[in-house]
Amino acid sequence: MADEAVAERAAEPASHDPQKPQGSRSPKAPPRGRERGGERGGDRGDEQAQGEAEAHDGPEAGDDEAAERAKERERAADRIKDLTRDPLAEEDGEDGPTDLAAAARARRAGRKLLTSGRDFTSFDRSRIGHAHIGDINVSLDARRSGVAMRGGPVPEEELRRLRRAHVEPAGYVRLRRALESRRLLVLGGAPGTGRTCTALALLDEVTRDGAGDGGRVRRFDPHQGEGVRGLVGEVKGGEGGEGGERRGTGYLLELALDRPGTLPPDEMDLDQLASTLAEGDAYAVVVVSVGSAANPLLAGRYGMVCPPAPSQELVTVRLRERLEEARDHEALERAARIAEDPEVIEAVGLDDLRPAEAELLASLLAEHLLGSLTREELLAGCRGIAAVQAHEWFAGVDRALAAAPSSGDGRTPVRSATAALFHPVAFRIALAVLGGGSHSAVSAAAHLLTWELSVQSDPDSTPSRPLFCDDPESDRALSRARSDNGAIDVAGAEVTGQLIFYRGSALPAAVLAEIWDRHFPVRAPVVRWLRLLADDPRPQVSVRAAVAAGELSVRDFEYGFGELVRPLAEATSPRRRVFAATALDQVAGHASHRKAVRKVVDDWSRYGTASLRWTAAMTLGHGRAADSVDAALDALARIGVRDQGRQLAVASLNVVRLLTLPECATVLRRLGQWAEDRREEYQDLALVTIVRLATTGVDEVLDDEPGTPLGDRGDWPLLLALAVTRPELTGTLADLLWTALNTARSRDVAFDALEALLRSASRGERRERGERGEARERGEGREGGGGRMRPGLAALLPALTSDEHDRQQLEWLLRRMMRDQDRPLTTEQASALWRLAVPARQRRSDEEESHG
């Protein structure tokens, strides 16, 4: 048949039923290796069978039987069509959409965030606030933010060590000049960033010629007076009249503005302090934590933000100190090379180090070079750095609430601003669970968790939180986070938005381990919070939360299974059951728990309720919840055929997901066996899975990152992608699709799926032509020669149309697509598809046969 015949015959009137393929009217022998699906039991309804019935029972009986068979075929076709719909959209209505591609991307991102090998990190802390590894005992300043050290003079020895080891942050000179000109500096920074060391270094510089015996740099304990007002009295000399002895002194005051009920000093208090300092030729640095309470101070005339010191320089300085003490001057270069080792960098897992962390890393490297630590001990110590940071963040957060002031009547305690106290904590936990997602999603989740924590801490009071006090910059600074623009999935489309991440791959796992292992009362509100996230319609929230729930369950499987997995696995909502399945698969990713997960899933598939079987099917589709792919297929078949195929749809979806595994050939072989099975329920499972395979995109089921053969074809239909990446399976794929096309009860939906395949390739080709045209307008070159999906069609269609009857069916489908009033296929597109399906040699042979 000539290429133009498709276009010419499109205008001819249809001489056959427009709802059925042209070649389906006359019987034909199936090609070798294929079984004609239309002759199977319940689908058999050809004219020969009808004639036999009429001859046996008479015309009236034959008409009734034929009508009944026609109704039965129609019911079977409608059932197949219903089963090929999305099984995850049940709660949204018959045609409710679900974004499987966004869910797959969210799952990959969540797994990447939390599978850094730190789930069982142990770190020996001989006492809170110190890290103890071997003979190394380094203070990490793990104390609550804003709890100042005891007041008094700073020893000269400490100042000398500070001058020798301090690394100036960017903008240090600007800070010193501001202090010299104004006498008072309000220095803001996150705890642990070296803000106190910088404040002491500034005071040391500006007071070089200051007081002697009284101590030229002094810490002021805010509990001695009313903060800034108390410091005014200290500068004046207080009741002892020591002001004359303290001229030229520098004062350090650390304010705790994050405590409930604490108010920041106003501008008049600061002006009075600055005036008093000028009269006494003194200086003062007030250190505050960045946050909504400190924003007015930092925005005023005395406020400045303290930038962190550069990490590499901090490590180098500390290394030089350690190695000079050991008198090994040639080891510095070796230590620098070890510090740049990718394995060491991954073990540390922090984008930048704070001063105490740099000191610990330098100590570890020095001890390793000197032979005191093995490489395994070095890596274990590096992994513990993030664990210490997490411990510092959560240790004693609500200690202030335990000693809350009374209300005045001596009986009723006042516990105000619990939400403000818990919000930074909640934000860190939300960032550990949803990191890499949108900033708005993390913030909203943090507020939900803030409520749960507040209610758990004080169940008799309703938490209150100011509505206009959030500060994204403070949230990032207090949580060691960073923002960046990136793609966000919204209603099946990708848009650009602001994403937020931890500044280090080790922090998410360290945070989850800290709250789950060391703070048991926190588990209850976190579990309630995760259940709320399970209901979120956004995959970037619900799926990431499910991955985190799986990681938490690994740490205590009894608790996680009982409180998170099992209750949600039995839920009526498909979204909650998907949450439970994702969490179970995450647990199965750990070898220590894989056997337990497989036992649970196998039991559910055999003896569970309908909800548990549904959840088991979704878990099996990830490929880790069974001993082998064959075992997973056995369980999915068991779920799919039970109760007259009630859960056949979800079973078929997860059979398709298994096709992305290396054992793809095993799955296809089993599909062929089901299609040839005499039992209709197994045939239906095969037919529905084949149709679903043709309509499922790679990005909806793929777990691999881009860069793999399938991962690079995320926008392709899975059937075409497999035909290209696994060419040895093309014949099997074509045979299976042919079976669905030639089985009466699946014919209509299979032809719709084939049409969708052809149209997807046409859309891809038009899109590429448009991109090349835009590139030409910009003067840029762009490679491409016809749609990217064309190789898939070129591999599949010839195998699918191996004889005249198959080519007639394809011709009928192309004609139907050309006559579509809403989306007509152009003559050029139809001819191009025909040439892909029918090679030139076969076209010439067909022409010769047609001419005689």
Side-chain angles (χ1 to χ4, degrees), residues 109-110 113-114 116 118-119 121 144-145 190-191 258 291 386-398 418-457 463 465 470 472 474-482 500-534 536 540-556 559-560 563-564 579 583 586:
L113 190 73
L114 293 172
S116 56
R118 295 178 175 82
D119 51 329
T121 297
R144 283 277 292 116
S145 170
D258 56 350
V388 174
Q389 170 66 97
H391 175 70
E392 175 186 338
W393 276 341
F394 297 100
V397 170
D398 55 356
T418 55
L421 178 70
F422 285 128
H423 178 69
V425 174
F427 190 89
R428 291 163 188 153
I429 299 173
L431 186 57
V433 172
L434 305 178
S438 66
H439 194 289
S440 60
V442 174
S443 295
H447 281 290
L448 283 176
L449 182 55
T450 298
W451 175 276
E452 294 293 343
L453 294 173
S454 301
V455 170
Q456 182 77 14
S457 177
R465 178 166 175 79
D470 277 359
S474 299
D475 288 339
R476 290 193 292 269
L478 292 174
S479 302
R480 300 184 73 162
R482 62 180 177 86
I500 187 165
F501 310 81
Y502 267 118
R503 299 184 62 86
S505 60
L507 288 172
V511 166
L512 294 183
E514 174 69 20
I515 63 169
W516 208 247
D517 293 347
R518 298 180 63 87
H519 306 283
F520 190 87
V522 175
R523 290 189 180 187
V526 168
V527 164
R528 293 195 299 269
W529 174 66
L530 288 173
R531 289 181 179 179
L532 291 174
L533 298 187
D536 196 294
Q540 65 160 313
V541 174
S542 59
V543 176
R544 288 172 186 266
V547 173
E551 285 297 309
L552 293 175
S553 298
V554 170
R555 308 197 68 84
D556 188 343
Y559 187 93
E563 296 295 329
L564 278 171
F579 183 100
Q586 188 68 18

Of all residues at least two apart in sequence or in a different chain, which pass the side-chain hydrogen bond (donor to acceptor under 3.5 Å, both in side chains) check with Gln389? Arg354, Arg480
Please round to the nearest 0.5 Å and tell me the distance separating atom CH2 of Trp393 and atom CG of Leu507. 5.0 Å
Quick check: do Pro521 and Gln456 have side-chain heavy atoms less than 4.5 Å from each other? no
Which heavy atom of Ala426 sits nearest a heavy atom of Leu453, and at what distance? CB-CD1, 4.2 Å
CG (Leu564) and CG (Leu530) are apart, to the nearest 0.5 Å, by 5.5 Å
Ser443 and His447: side chain donor to acceptor below 3.5 Å: no
Could you pull out all residues at least two apart from Ser542 that satisfy side chain to side chain contact (heavy atoms under 4.5 Å, CB included)? none
Would you please name every residue forming a side chain to side chain contact (heavy atoms under 4.5 Å, CB included) with Ala583, sequence neighbours left out? Ala549, Val565
Tell me which pairs pass salt bridge (Lys or Arg N to Asp or Glu O under 4.0 Å) where either residue lies in residues 425-452, with sequence neighbours left out. Glu452-Arg528
Any side-chain heavy atom of His519 sitting closer than 4.5 Å to one from Phe394? yes
For a quick test of reading the model, state the closest non-hydrogen atom pair linking Gly435 to Arg544 and the distance between them. O-NH1, 2.7 Å
Can you tell me how far apart CD1 (Ile429) and OG1 (Thr450) are? Round to the nearest 0.5 Å. 9.0 Å
Shortest non-hydrogen contact from Phe579 to Ala545? CE1-C, 3.6 Å
Approximate separation, where rounding is to 0.5 Å, of Asp475 CG and Leu431 CG: 9.5 Å
From CG (Leu449) to CG (Leu532), nearest 0.5 Å: 10.0 Å
Tell me the closest heavy-atom pair linking Ser479 and Tyr502, and the distance in Å. O-CE2, 3.0 Å
Could you pull out all residues at least two apart from Tyr559 that satisfy side chain to side chain contact (heavy atoms under 4.5 Å, CB included)? Trp516, Phe520, Arg523, Val527, Asp556, Glu563
Side chain to side chain contact (heavy atoms under 4.5 Å, CB included) partners of Ala430, counting only residues at least two apart: Val442, Ala445, Ala446, Trp529
Using a 4.5 Å cut-off on heavy atoms from C-beta on, say whether the side chain of Leu478 contacts that of Phe427. no
Using every non-hydrogen atom in the two residues, find where Gln540 and Gly437 come nearest and quote the distance to one decimal. OE1-CA, 3.5 Å
Non-hydrogen side-chain atoms of Arg482 and Arg476 separated by less than 4.5 Å: no
What one should report as the nearest heavy-atom pair of Ala510 and Ala390 is O-CB, 3.6 Å
CG-CG distance between Leu448 and Leu533, expressed to the nearest 0.5 angstrom: 7.0 Å
